[in-house]
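Notes follow once the structure below has been shown.
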Amino acid sequence: MKQLLTTILLFATAALPSAARDHTVPLLQNVFAYESLSLNGDWNYIVDVQDEGYYDYRMNPTPWGFFRNAKPQRPEDLIEYDFDKSPTMKIPGDWNTQDERLFFYEGTVWFYKKFSIENPGSSDARNLLYFGAANYDCRVWVNGQEAGHHIGGFTPFNFDVTDLLKKGENNVIVKVDNKRHAEDVPTQIFDWWNYGGLTRDVKLVKVPTAFFGFSDEVASQERSLASVAKPSYIEDYSLQLMKGDIKAKERKIAVKVKLNEPLEGHLLIVNIPELKLSVPLLTDAKGSTTDIVTVPTKKLTLWSPDTPKRYRLEIKHYMTTIADSIGFRTIETRGKQILLNGQPIFLKGISIHNEKPNGGGRANTAEDARTLLSWAKELGCNFVRLAHYPHHEEMVREAEKMGILVWSEIPVYWTIAWKNPRTYENAQNQLRDMISRDHNRANVIIWSIANETPHSRERDTFLSNLAKYARSLDDTRLISMAMEVTGASNYVNRLNDNMNEYVDIVSFNQYIGWYRDVNDAPRMRWEIPYDKPVIVSEFGGGAKYGLHGEKNQRWTEEFQENLYRENCAMLDKIDGLAGTTPWILKDFRSPRRVLPDVQDYYNRKGLFSDKGEKKKAFYVLRDWYAGK
């Protein structure tokens with residue numbers, strides 16, 4: 001038996017390409033559930049304006065790049081970089097706000113971090129190198145060997161680097177390039193700051209594994225050999241309350257668990273102690289298992305903004321238990337109503353950019369999230385639109401704790417390269433990773449697939465395919481997108497978008513009072529010819545905090561205050577209005593906003609200033625929401 005297992009191990013190891021193998025693995029659900037080594041902190045960095053650390057002077061990839069972390073071995077050796085002597089930067093963080101030379105920089109920066117690990121080759125665990133996000137094009141090396149490549153600035157990714165690690169000191173080198181391109185997602189122009197770098201947490205996650213097809217009686221050495229050949233762990237899981245009569249005696253919960261390997265016959269036990277629920281499950285040939293369990297309705301407290309109840313979840317996989325906190329709720333539509341747990345709800349929302357609450361810079365901590373969300377709660381919000389891309393995971397989790405519903409979005413923004421297959425693949429990958437990360441969060445009720453996209457046949461094909469793909473991954477939530485009103489005539493605005501048949505909620509942006517005279521608001525009539533709920537996903541206008549004047553004087557707080565007053569009265573007349581997410585919670589940086597002494601590279605449409613000061617329009621919206 002031992003000889004057979006040794007042969008299997010040697011064959012499996014020999015079959016693997018060495019440095020060229022892509023170590024990317026599907027995103028691990030609930031990275032917080034595992035023991036991890038934080039790699040946050042000081043990282044050395046090198047600014048590489050001409051990509052000389054990756055390409056030679058003919059723009060061909062070079063084998064002598066910075067990723068080798070080479071050191072002179074003889075006095076005459078020529079090596080023109082040195083990570084150890086380079087300056088340091090805090091990670092997570094963006095380079096724009098940490099090095100004044102890089103404020104407007106778009107290009108490549110290399111990052112380098114040393115760390116130590118005592119037991120990298122453990123037979124009962126895999127080591128996943130996890131990045132919360134890196135903007136935008138990211139390549140990763142561990143101890144000089146390439147781990148993988150990721151494109152997209154706002155979704156997490158991880159590599160299985162177990163075989164690249166060694167006992168003692170290790171290093172990770174990351175090349176991050178945030179240059180904009182027309183075929184990217186987002187595309188070449190967008191109205192927010194292109195923060196570059198390792199903008200969210202980096203950690204080495206230790207994931208315990210079980211063994212394929214061997215009983216507990218197999219000797220420990222044999223189990224060790226087997227685990228290296230094919231280790232297994234819980235890659236993903238989902239628990240969702242199924243739609244049903246809220247007055248029924250029992251409610252159904254759909255349970256899904258997936259291993260990282262297609263292994264049949266693995267025992268998984270799903271426990272929710274508070275509900276006295278324990279469900280044994282066996283994986284099928286795909287390494288997956290599904291079941292539907294019933295819970296007495298009277299024992300189940302549903303998650304809602306008023307009662308953000310969550311239950312402790314435990315999933316056991318042989319000797320390993322992972323834990324999470326799960327809320328149960330349903331979200332659906334009926335005609336022009338949105339129903340949360342079977343009851344109509346008006347979504348009192350606000351749009352938010354993932355920028356730090358006091359000043360600029362990419363938000364990336366739980367404290368950042370709590371501050372921004374507490375401002376939304378002060379407004380009376382029960383809902384936030386996290387625009388225009390997936391925000392950091394703590395933002396979603398803190399909102400769930402605070403009882404705030406979430407609209408989550410991918411950056412298919414403005415004029416995307418609709419005909420480019422690679423652009424669509426990029427968008428679909430970002431949608432997949434957004435859903436994969438957050439599909440167990442009860443507060444996430446809307447997946448948004450686009451914002452303000454111009455109409456065309458190619459665009460309709462692109463977006464309808466995204467909508468269908470989102471439903472294939474998660475049919476328990478609603479699909480929407482921020483449309484544009486294109487049928488305006490005098491004082492009649494008619495929404496006409498072919499995507500209406502693919503979304504559950506009709507959402508659109510309008511700026512009466514900013515890009516059109518605010519005096520038009522009382523006479524404006526809206527025609528929305530769809531029997532679906534309506535969310536006005538953006539409205540608003542700019543004001544510089546502390547600038548005062550007449551209500552018809554742009555950039556004053558009084559102008560913004562009057563704009564909100566007129567818009568709120570106008571929106572009350574829209575048939576089927578089910579919610580709003582005005583633009584925006586706080587001022588945020590944008591290179592498109594260049595007016596000196598007013599904008600200074602900030603979009604000033606916030607109800608809070610970039611320093612967290614309330615503008616007068618804040619109180620108008622707060623009072624309007626209080627009456628809803």
Side-chain angles (χ1 to χ4, degrees), residues 25-36 122-128 130 158 160 162 205-218 220 222-224 226-242 250-296 299-300 310-328 432 435-442 472-476:
V25 293
L27 188 64
L28 181 69
Q29 173 66 201
N30 187 20
V31 69
F32 298 98
Y34 300 91
E35 177 187 344
S36 64
S122 172
S123 63
D124 60 353
R126 304 300 290 176
N127 291 291
L128 302 191
Y130 172 91
N158 42 224
D160 186 340
T162 309
V205 185
K206 183 179 180 180
V207 185
T209 56
F211 314 108
F212 73 113
F214 288 87
S215 67
D216 290 338
E217 287 75 26
V218 175
S220 60
E222 293 169 344
R223 287 207 310 272
S224 176
S227 69
V228 176
K230 187 169 284 189
S232 67
Y233 57 84
I234 296 172
E235 179 182 285
D236 195 13
Y237 56 88
S238 170
L239 280 83
Q240 300 289 341
L241 182 66
M242 300 176 68
E250 292 184 326
R251 300 300 298 270
K252 295 179 179 180
I253 297 173
V255 181
K256 299 178 183 178
V257 187
K258 182 180 183 299
L259 299 180
N260 68 312
E261 295 285 355
L263 302 173
E264 187 173 8
H266 274 240
L267 176 65
L268 303 167
I269 300 176
V270 177
N271 290 327
I272 304 178
E274 190 175 344
L275 296 176
K276 296 182 171 56
L277 191 68
S278 182
V279 185
L281 302 167
L282 286 177
T283 58
D284 59 20
K286 296 181 180 180
S288 300
T289 181
T290 61
D291 200 0
I292 295 175
V293 298
T294 58
V295 180
K299 290 186 177 181
L300 189 62
R310 298 179 303 152
Y311 292 89
R312 177 177 172 82
L313 166 71
E314 300 170 349
I315 305 179
K316 294 185 178 181
H317 180 215
Y318 293 93
M319 302 301 292
T320 301
T321 299
I322 61 174
D324 200 349
S325 294
I326 297 284
F328 297 108
R432 176 201 63 206
I435 293 174
S436 178
R437 192 191 73 179
D438 293 333
H439 64 75
N440 280 313
R441 305 280 64 85
S472 74
L473 297 180
D474 178 15
D475 61 0
T476 70

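Position 1 is the first residue of the sequence, and the numbers go up from there. The analysis underlying the following values was restricted to heavy atoms, covering all of them including side chains, and did not include hydrogens, waters or symmetry mates.
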### Task
Give me the one residue out of Ile292, Leu281, Thr290, Val279 that meets side chain to side chain contact (heavy atoms under 4.5 Å, CB included) with Val255.
Leu281

### Query
Are side-chain heavy atoms of His317 and Ser232 found at a separation under 4.5 Å?
yes

### Reported CG-to-CG distance for the pair Leu263 and Asp284, which is rounded to 0.5 angstrom
10.5 Å

#### Entry: From CA spacing to verdict: side-chain contact (heavy atoms from CB on, under 4.5 Å), Tyr237, Ile322
CA-CA 11 Å; Tyr237 56 88; Ile322 61 174; 3.8 Å; yes

### Task
Could you pull out the closest heavy-atom pair between Ala442 and Gly327, with the gap in Å?
CB-O, 3.5 Å

### Query
Would Glu314 and Arg312 pass as an ion pair if we require N to O under 4.0 Å?
yes

### Message
Within this structure, what is the OG-CG distance for the pair Ser288 and Leu259, rounded to the nearest 0.5 Å?
### Response
7.5 Å

### Query
Is Ile269 close to Ile315 at the side-chain level, that is, under 4.5 Å between some pair of heavy atoms?
no

### Query
Quick check: does any side chain N or O of Thr162 sit under 3.5 Å from a backbone N or O of Asn127, one acting as donor and the other as acceptor?
yes

### Query
Under a 4.0 Å N-O cut-off, is there an ion pair linking Asp324 with Arg441?
yes

### Summary
Output for pair (Leu241 CG, Ile326 CD1), nearest 0.5 Å, gives 12.0 Å

### Summary
Heavy-atom closest pair (Pro280 atom, Leu267 atom, distance to 0.1 Å) is CB-CD1, 4.3 Å

#### Entry: Shortest non-hydrogen contact between Asn271 and Ser278, atoms and distance
OD1-OG, 2.6 Å

### Task
Determine yes or no for a side-chain-to-main-chain donor-acceptor pair under 3.5 angstrom, with Asp236 supplying the side chain and Ser436 the backbone.
no

#### Entry: Leu277 side, atom CG; Lys299 side, atom NZ - distance, nearest 0.5 Å
10.0 Å

### Task
For the pair Asn440 (side chain) and Leu239 (backbone), establish whether a donor and an acceptor sit closer than 3.5 Å, ignoring hydrogens and angles.
yes

### Sidechain-backbone polar pair: Asn260 side chain, Glu235 backbone, donor-acceptor under 3.5 Å
no

### Task
Enter the distance from Gln29:CD to Tyr34:OH here, rounded to the nearest 0.5 Å.
8.5 Å

### Worked verdict on Tyr233 versus Thr320 for side-chain contact (heavy atoms from CB on, under 4.5 Å)
CA-CA 9 Å; Tyr233 57 84; Thr320 301; over 6 Å; no

### Verdict with reasoning, Val207 to Leu28, per side-chain contact (heavy atoms from CB on, under 4.5 Å)
CA-CA 9 Å; Val207 185; Leu28 181 69; 3.8 Å; yes

### Task
Say whether, by atom type as modelled, one donor and one acceptor occur between the side chain of Asn30 and the main chain of Ala323 under 3.5 angstrom.
yes

### Task
Could you tell me the separation between the CG atom of Asp160 and the CZ atom of Arg126, rounded to the nearest 0.5 Å?
4.0 Å

### Query
How are the rings of His266 and Tyr318 set to each other: parallel, tilted or perpendicular (split at 30° and 60°)?
perpendicular

### Query
Can you tell me if Thr283 uses its side chain to pair, donor with acceptor, with the backbone of Gly265 under 3.5 Å?
yes

#### Entry: Test item: Gln240 side-chain N/O and His439 main-chain N/O as donor-acceptor pair under 3.5 Å
yes

### Task
Could you tell me whether the side chain of Leu268 reaches within less than 4.5 Å of the side chain of Thr289, counting heavy atoms only?
yes

